[in-house]
2 protein chains.
Amino acid sequence: MTHVQELPSGSGPIPASAVEILTQDLRRRILSGDFRPGEFLRDVKMCEEHSTSRHTFRTAALVLVTQGLLRQIPNRGFMLPEFGPDDIVDITRLRGAIEGEAVRMIVLTGVIPPAALDAVAVMRDPARSADRSALVTADRDFHRAIIAASGSARLKRTYSGLEGEIELLLIQRQGFYAAAEDMALEHERLIDSLKSRHYGTARDAFQEHWEDLQTRLLDQR
Amino acid sequence: MTHVQELPSGSGPIPASAVEILTQDLRRRILSGDFRPGEFLRDVKMCEEHSTSRHTFRTAALVLVTQGLLRQIPNRGFMLPEFGPDDIVDITRLRGAIEGEAVRMIVLTGVIPPAALDAVAVMRDPARSADRSALVTADRDFHRAIIAASGSARLKRTYSGLEGEIELLLIQRQGFYAAAEDMALEHERLIDSLKSRHYGTARDAFQEHWEDLQTRLLDQR
DNA sequence: CCCACAGATATTGTTGGACAATAAAGGGTC
DNA sequence: GACCCTTTATTGTCCAACAATATCTGTGGG
């Protein structure tokens with residue numbers, strides 16, 4: 001079983017490199033709560049579990065460090081970050097800057113991204129919104145669609161890094177939404193604010209949305 | 001000369017890892033125009049010139065990829081990016097979002113970062129502003145100070161990534177400022193706008209500043 | 001002439017094994 | 001219990017190797 005690298009037969013559109021694959025895998029594991037905050041990712045263990053060499057693990061981990069999903073402690077290894085109140089307001093601030101710019105573009109062009117509407121539909125549908133993880137996914141898809149609609153590669157790149165941190169935060173502090181219905185309602189309000197095609201209105205609505213999430217996260221524990 | 005790793009005796013406050021050192025070195029080389037746009041960084045050559053192993057080079061290069069200073073072409077290696085008009089407006093857009101948020105914080109607190117004033121002083125001083133590279137540095141320091149004043153770790157992190165791309169752009173398209181005096185004048189205007197402690201005023205001033213730079217860059221060639 | 005196609009050559013991406021340096025864990029003494 | 005020494009584990013780095021892919025070269029046909 002040496003050097004045998006199975007290609008993703010019919011699934012993957014991109015035959016990505018081993019480092020990219022591992023980066024994605026680790027990302028998934030981290031965001032699914034496989035590790036506790038403050039836990040170290042021992043590389044021998046990781047290499048066994050993902051059957052890669054220590055070098056590839058190390059490289060992938062470093063990429064995740066640049067995205068804020070891991071922290072490197074010199075001579076101690078790679079650790080899952082623990083978020084404090086400062087991190088929460090900091091993340092909210094950057095998020096506001098990024099998503100605010102995307103909102104500005106959407107208002108300018110007047111095109112509401114269909115994927116955002118789809119995400120709201122999921123929140124509205126009791127059958128699909130029963131699963132909590134489906135809600136998290138829907139929320140992620142909504143905001144990702146907003147960013148994508150900006151048409152800016154760098155905005156997207158920056159947000160995708162931040163997105164990881166946001167999700168990790170939501171994982172570490174669960175129960176951020178009382179009910180699926182509230183979530184749907186709030187996001188419908190955001191859509192409406194975009195339809196107004198008035199930047200001030202939209203910006204205020206989104207601002208309130210972020211700050212709501214922030215206070216909810218801060219109130220927890 | 002194997003495994004001998006000279007520690008920075010009295011200079012470095014942080015005995016950084018080899019990857020960090022190499023990342024910084026490569027960054028410097030890239031930003032000093034050592035490589036042409038589109039040029040590939042062959043790893044054997046790089047390893048010789050920096051006397052490191054191929055792994056460390058590869059890891060460092062990948063970090064630079066995440067910062068937009070290099071691009072990885074599968075099975076071709078790491079290439080210096082070539083910026084087109086799209087990239088210029090895209091960079092300007094993200095920059096506006098990031099720096100705009102920092103400006104908002106500064107206006108809120110009312111504290112003008114001293115480092116920004118220092119940078120303007122350099123532009124004003126004919127002796128120091130004679131050297132073109134000193135001007136570039138002063139401009140970088142000015143805007144870096146603005147970001148730092150926001151007090152947000154993530155804003156800083158994001159901007160430092162973007163900063164590299166901006167500098168590289170300035171390297172690839174030189175002569176963006178007609179004279180040092182114009183530069184000083186424009187930045188003094190920015191300082192004044194901050195002193196007004198009115199977000200709309202400051203935001204407009206900065207917005208104009210970025211857009212000026214954008215059009216100057218776009219007009220070139 | 002130049003296009004295509006074969007082999008030779010170079011370069012990348014990944015792996016395994018090795019080792020120094022540092023941190024963490026025992027273990028004994030006072 | 002606090003301190004020092006030894007042992008162990010883990011990290012960070014290097015070297016050497018190899019498969020896969022890309023590039024170069026030369027040769028023959030149209």
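These figures come from a predicted structure and were not determined experimentally. Order of the sequence lines sets the chain letters (A, B, ...), proteins ahead of strands, with each chain counted from 1.
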Of A/Thr52 and A/Pro74, whose closest DNA chain C nucleotide lies nearer the 5' terminus? A/Thr52
Expressed as a whole number of angstroms, how long is the span from B/Leu62:CG to C/dT12:P? 14 Å
Minimum-distance nucleotide (side-chain atoms of A/Thr56 versus C/dT15, D/dC15, D/dG12): C/dT15
Take atom CD of A/Gln72 and atom C1' of D/dG12, then tell me their distance rounded to the nearest Å. 9 Å
Grab the N/O contacts between the protein and nucleotides 8-11 of chain C below 3.5 Å, and write none if there aren't any.
| residue | atom | partner | partner atom | Å |
| --- | --- | --- | --- | --- |
| C/dT11 | O3' | B/Arg42 | NH1 | 3.4 |

Would you call the rings of A/His55 and B/His55 parallel, tilted or perpendicular, taking 30° and 60° as the class edges? parallel
Is the B/Phe57 ring parallel, tilted or perpendicular to the B/Phe78 ring (thresholds 30°, 60°)? perpendicular
Has the side chain of B/His55 got a donor or acceptor that lies under 3.5 Å from a partner of the other kind on the base of C/dT15? yes
B/Glu48 CD - D/dC15 P separation (whole Å): 12 Å
Work out how much the helix from C/dC1-D/dG30 to C/dC30-D/dG1 bends between its end axes, five pairs an end, to the nearest 10 degrees. 10°
Could you tell me which residues satisfy ring pair (Phe, Tyr, Trp, His ring centres under 6.0 Å) with B/Phe83, sequence neighbours excluded, listed by chain and number? none
Per the atom types in the model, does the base of D/dT13 pair as donor or acceptor with the side chain of A/Arg54 at under 3.5 Å? yes
Judged by atom type as modelled, is there a donor-acceptor pair below 3.5 Å linking the side chain of A/Glu39 to the main-chain atoms of A/Arg36? yes
B/Leu41 has an atom CG; how far is it from atom P of C/dG13, in whole Å? 12 Å
Rounded distance in Å - NZ (A/Lys45) to P (D/dA9): 16 Å
Aromatic plane relationship, B/His209 with B/His143 - under 30° parallel, 30 to 60° tilted, over 60° perpendicular: parallel
Would you mind reading off the distance between B/Arg58 atom CZ and C/dT15 atom P, rounded to a whole angstrom? 12 Å
Round to the nearest Å and state the distance from B/Ile73 atom CD1 to D/dT23 atom C1'. 16 Å
What is the distance, to the nearest angstrom, from the CZ atom on A/Phe57 to the P atom on D/dT13? 14 Å
